[in-house]
Visitor: 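After the structure tokens below, expect a handful of questions from me.
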Amino acid sequence: MVRIRIAAIALLIAGALLGLFIYISQKPDSSYPFKLGLDLNGGTHLEYQADVSKVQNGDIKGAMTTLRNVIERRINVFGVSEPLVQTEEATINGNKVEKLIVELPGVTDIKEAVQLIGETPTLEFKTYTGSTTPSASASTSSINEQFKDTQLTGRYLQKATLEFSPNTNQPIVGLNFNSEGKALFAEITKANVGNIVGIFLDGKPISTPVVNEPILDGRAQISGNFTRVQAQDLVRNLNYGALPVPINLIGTESIGASLGADALAKSIKAGIWGFLIVALFLILWYRLPGVLAVISLGMYTVIMLVIFKLIPVVLTSAGLAGFILSIGMAVDANILIFERMKEEFRRGLGLEEGIREGFQRAWLSIRDSNLSSIITGLLLYYFATSALVKGFALVFFVGVIISMFTAITVSRTFLIAIAPKKDGKLSDFLFHRKSSDKKLL
């Protein structure tokens, strides 16, 4: 009676998982769609050229790394799935240039893609070299001529915050610099006490304060006649990322998903055929344990698909390969368990004892092999610089953990629940036992 209850509970869990998957798949508002990468879903490819003319030669690599991180952080704010942002050196008309490559899966409208990047502000701090106080009515170009560039740019900005003056209650924008920016800002303010240090956003002065004393703690304030909305917008733009160098869009390309759709269809077809062939082998060779292993693999597949939708996991062709590979590892674990069970049957153990002992002996091998796979997946995900490799590593890592659970827990529960209490011809047939296996009984 207890075994029947265990089997019934296991089947109910499997049915609930399948029902959950069907429910979230059929929701009309598509609240839980599968998220596909650029190679499967299409998207937009953008190329920018970075203006590094004002960056010292030895610091170009660092500036481009910061540029990539800033753009990636800005794109992530908009929830684009698996964006690819990378920098590269190129030669245009015989001149070496620094390029920024941005790929946005699922964004097929180039105008929308450009808006996602946006006119991210370039924040600069400049010292005043003119003889008279700059006029607010002067043109931007004439004002720029009176200021001298410094090394302090938005690259060193850690965070911008909305604050309010304790005296006037006017909104002001607070700037916090990182350790390098703190040191640079301290040097600038020490050397310019009584002088103007202008704060420029996209080449336009937004504040021209006079330095009253050295500022050594890396905290600055942008004050002026800001409205609350203007200050909030400025804080948001700065936190999205003030670029260390200006960028100019030089090329766009809309990537269709025709090749990706073909690859997706072929991957699904290959996965289904592979599953059916493996299921047929398990059933023919291991009989009842094989049937239960197929049910376990089915539960594994449903659990993985639910996870793909709920997390959600961005599926790429490499991710699908990791998913199919993890199914193979789940099959491998079941085969190892069943072969151990056969060994226990040959020793003369009964059905239930042989099943329990087979699982116990197989567990150590399964644990060690899966642990090595988990470590491999973690290292791949942590050290990979390619989005495709990261996608493969994530799906593979999750798949190995779920497959280990279904192979050990689900298969074991079903087998113990269904195994006959007494030996006989029927049980021998169902568990593929030979008469010689019972020689020690």
Side-chain angles (χ1 to χ4, degrees), residues 54 63 66-67 69-78 115-128 133-140 143-144 146-247:
K54 297 181 181 180
T66 304
L67 174 65
N69 294 338
V70 166
I71 293 297
E72 194 168 47
R73 186 169 65 244
R74 183 176 178 85
I75 293 171
N76 288 336
V77 170
F78 294 95
Q115 289 176 348
L116 285 180
I117 303 297
E119 297 179 356
T120 311
T122 301
L123 185 69
E124 300 172 287
F125 289 77
K126 300 181 180 183
T127 55
Y128 185 63
T133 303
S135 172
S137 60
S139 65
T140 301
I143 292 178
N144 273 311
Q146 301 179 69
F147 283 87
K148 178 182 177 182
D149 292 332
T150 67
Q151 297 180 14
L152 187 61
T153 65
R155 174 187 174 190
Y156 304 100
L157 179 64
Q158 191 173 47
K159 183 175 65 173
T161 56
L162 176 64
E163 302 172 2
F164 293 90
S165 171
N167 298 322
T168 63
N169 203 33
Q170 288 294 315
I172 55 179
V173 177
L175 302 178
N176 294 327
F177 296 97
N178 60 20
S179 56
E180 295 177 81
K182 176 181 176 180
L184 286 172
F185 194 58
E187 291 180 10
I188 293 171
T189 53
K190 282 180 183 178
N192 289 276
V193 174
N195 191 22
I196 294 174
V197 174
I199 303 173
F200 287 72
L201 192 66
D202 286 338
K204 299 178 181 179
I206 57 174
S207 183
T208 54
V210 176
V211 179
N212 296 319
E213 58 183 0
I215 302 174
L216 307 179
D217 61 357
R219 293 176 57 87
Q221 290 182 338
I222 304 176
S223 59
N225 296 320
F226 292 132
T227 66
R228 183 186 180 93
V229 174
Q230 288 173 334
Q232 287 175 333
D233 288 343
L234 181 56
V235 168
R236 185 185 65 250
N237 287 334
L238 293 174
N239 281 329
Y240 280 164
L243 298 185
V245 293
I247 57 175

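In what follows, residues are counted from 1 in the order of the sequence shown.
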Visitor: Name each donor-acceptor pair under 3.5 Å that joins a side chain in residues 181-189 to protein atoms two or more places apart or in another chain, with its distance.
Guide:
{"from": "Thr189", "atom 1": "OG1", "to": "Phe185", "atom 2": "O", "distance (Å)": "2.9"}
{"from": "Thr189", "atom 1": "OG1", "to": "Ala186", "atom 2": "O", "distance (Å)": "3.1"}
{"from": "Thr189", "atom 1": "OG1", "to": "Ile215", "atom 2": "N", "distance (Å)": "3.0"}

Visitor: Using every non-hydrogen atom in the two residues, find where Ala231 and Val173 come nearest and quote the distance to one decimal.
Guide: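 Heavy atoms only, the tightest pair is O-CG2, 4.0 Å.
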Visitor: Looking only at heavy atoms, what is the nearest atom pair of Pro214 and Val193, with distance?
Guide: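 Smallest interatomic distance, heavy atoms only, reads CD-CG2, 3.8 Å.
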Visitor: Indicate yes or no: at least one non-hydrogen side-chain atom of Ile247 is less than 4.5 angstrom from one of Ile71.
Guide: yes
Visitor: Measure the spacing between OG1 of Thr161 and CD1 of Ile172 and express it to the nearest 0.5 Å.
Guide: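 Between Thr161 OG1 and Ile172 CD1, I get 8.0 Å after rounding to 0.5 Å.
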Visitor: Please confirm whether Tyr156 and Phe125 have ring centers closer than 6.0 angstrom.
Guide: no
Visitor: So, taking the atom named CG in Asp149 and the one named NZ in Lys126, what distance separates them when rounded to the nearest 0.5 Å?
Guide: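 Rounded to the nearest 0.5 Å, the CG-NZ separation comes to 4.5 Å.
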Visitor: Look up atom CD1 in Ile199 and atom CG in Leu152, then write down how far apart they are to the nearest 0.5 Å.
Guide: 9.5 Å
Visitor: Taking only residues two or more places apart in sequence, or in another chain, which ones meet Glu163 in a salt bridge (Lys or Arg N to Asp or Glu O under 4.0 Å)?
Guide: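 For Glu163 the salt bridge (Lys or Arg N to Asp or Glu O under 4.0 Å) partners, ignoring immediate neighbours, are Arg219.
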Visitor: What's the shortest heavy-atom distance between Phe177 and Ala220, and which atoms?
Guide: CE1-CB, 4.1 Å
Visitor: Can you tell me how far CG of Leu157 sits from CG of Asn176, rounded to the nearest 0.5 angstrom?
Guide: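 It is 8.0 Å, given to the nearest 0.5 Å.
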